[in-house]
Amino acid sequence: MADRKPFVGGNWKMNLHGDEAVALAEALAEQFTATDKVDVAVCPAFPYLAKVADALGSSDIKVGAQDFYIEPNGAYTGEVSLSMLKDCGVSVVLVGHSERRHVIGETDVLCNEKVHAALEAGMEVILCVGEKIEQREAGQTDAINTAQTAYGLAGVDAEQMSKVTIAYEPVWAIGTGKTATPEDAQNAHAAIRNFVRTGLYNNAVADGLRIQYGGSMKPANAPELIGQADIDGGLIGGAALKADDFCGILNAAL
Ligand code: PGA
């Protein structure tokens, strides 16, 4: 885990309705205190962002958004801008989650525009990358990860990288109960970091960059995953929906 401060995000996806989202936020605020050793964010569905921010109160758990649109306002039916999210207490945004890439159809170009828009708006960005099962089986894991990283970060300055986290999320491991082995995950993370070091930026950016693992991380497998040299926390889906499970993962990161 090197000396980077781990960062654990909870991606609630399209789960947890009003009272459930608030109850989970209240439970997390109560159970989790040691945020000087780990950064924590939760990403509820849009309608509950403000309520969740209220419920988290002064807990230091950040509020994240699962998506946004790149324009500040205007005729974009159904979309939500970064300044609207800020009004709801959001300071972290996900970009390029595999469900947005592969279910909704977001392109690398749009992901890159989103990274720029979010950084310009002063948000922290979690850029998600990861290969599909057929790409892994064809030996393309590192090629896919580095390509998505390169597209996502195109035109981003080294100075802006302090606000960027990468989440390596093998698509076949998301919500499936299948987890990358710690060795496979470590290898993928190391390849991404090496590419950031030698292909995109420099030692300082690569050494400071946090790379989360995502894909069926649970309290039982979190210690071994987060214990790997290049794994700096996690982006958690299913196990983020219960306070005990999420706090179990946070404890592993501490
Ligand atoms: P999972 O989801 O933990 O349920 O596999 C992870 C994610 O999609 O971020």
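All ligand and atom numbering here is 1-based and tracks the order in the structure.
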Student: If you count the atoms of ligand 1 from 1 in the order shown, which ones are under 4.0 Å from a heavy atom of A173?
Tutor: 5 (O)

Student: Short list, please: which atoms of ligand 1 are under 4.0 Å from a heavy atom of G175?
Tutor: 1 (P), 4 (O), 5 (O)

Student: Check whether any side-chain heavy atom of V171 lies under 4.5 Å from a side-chain heavy atom of R101, and answer yes or no.
Tutor: no

Student: Tell me whether D19 at atom CG has more than 12 heavy atoms from other residues, nucleotides or ligands lying less than 6.0 Å away.
Tutor: no

Student: Please determine whether the number of non-hydrogen atoms from other residues, nucleotides or ligands lying under 6.0 Å from atom OH of Y151 exceeds 12.
Tutor: no

Student: Checking a contact table here: which protein heavy atom is nearest atom 6 (C) of ligand 1, and how many Å away?
Tutor: G237 N, 3.5 Å

Student: Is it true that atom CD of E71 has more than 12 heavy atoms of other residues, nucleotides or ligands lying nearer than 6.0 Å?
Tutor: yes

Student: Would you say E26's side chain and A55's backbone share a donor-acceptor pair under 3.5 angstrom?
Tutor: no

Student: Is it true that R4 and D207 make a salt bridge, defined as a side-chain N closer than 4.0 Å to a carboxylate O?
Tutor: no

Student: Of all the atoms in ligand 1, which lie at a distance below 4.0 Å from a heavy atom belonging to H97?
Tutor: 7 (C), 8 (O), 9 (O)

Student: Starting from atom 7 (C) of ligand 1, what is the nearest protein heavy atom, named by residue and atom, and what distance separates them?
Tutor: E169 OE2, 3.1 Å

Student: Does atom NZ of K13 have more than 12 heavy-atom neighbours, drawn from other residues, nucleotides or ligands, at distances under 6.0 Å?
Tutor: yes

Student: Quick one: does K218 get a heavy atom under 4.0 Å from ligand 1?
Tutor: no

Student: Which atom pair, heavy atoms only, marks the closest approach of R197 to A206?
Tutor: CB-CB, 3.5 Å

Student: What's the shortest distance from atom 4 (O) of ligand 1 to any protein heavy atom, and which residue and atom give it?
Tutor: G238 N, 2.8 Å

Student: Just to check, does S216 reach to within less than 4.0 Å of ligand 1 when the distance is taken from its heavy atoms?
Tutor: yes

Student: Can you tell me if G214 has a non-hydrogen atom under 4.0 Å from ligand 1?
Tutor: no

Student: Tell me which part of N11 gets within contact of ligand 1: side chain, backbone, both or neither, using heavy atoms under 4.0 Å.
Tutor: side chain

Student: Would you say S98 touches ligand 1, if touching means a heavy atom closer than 4.0 Å?
Tutor: no

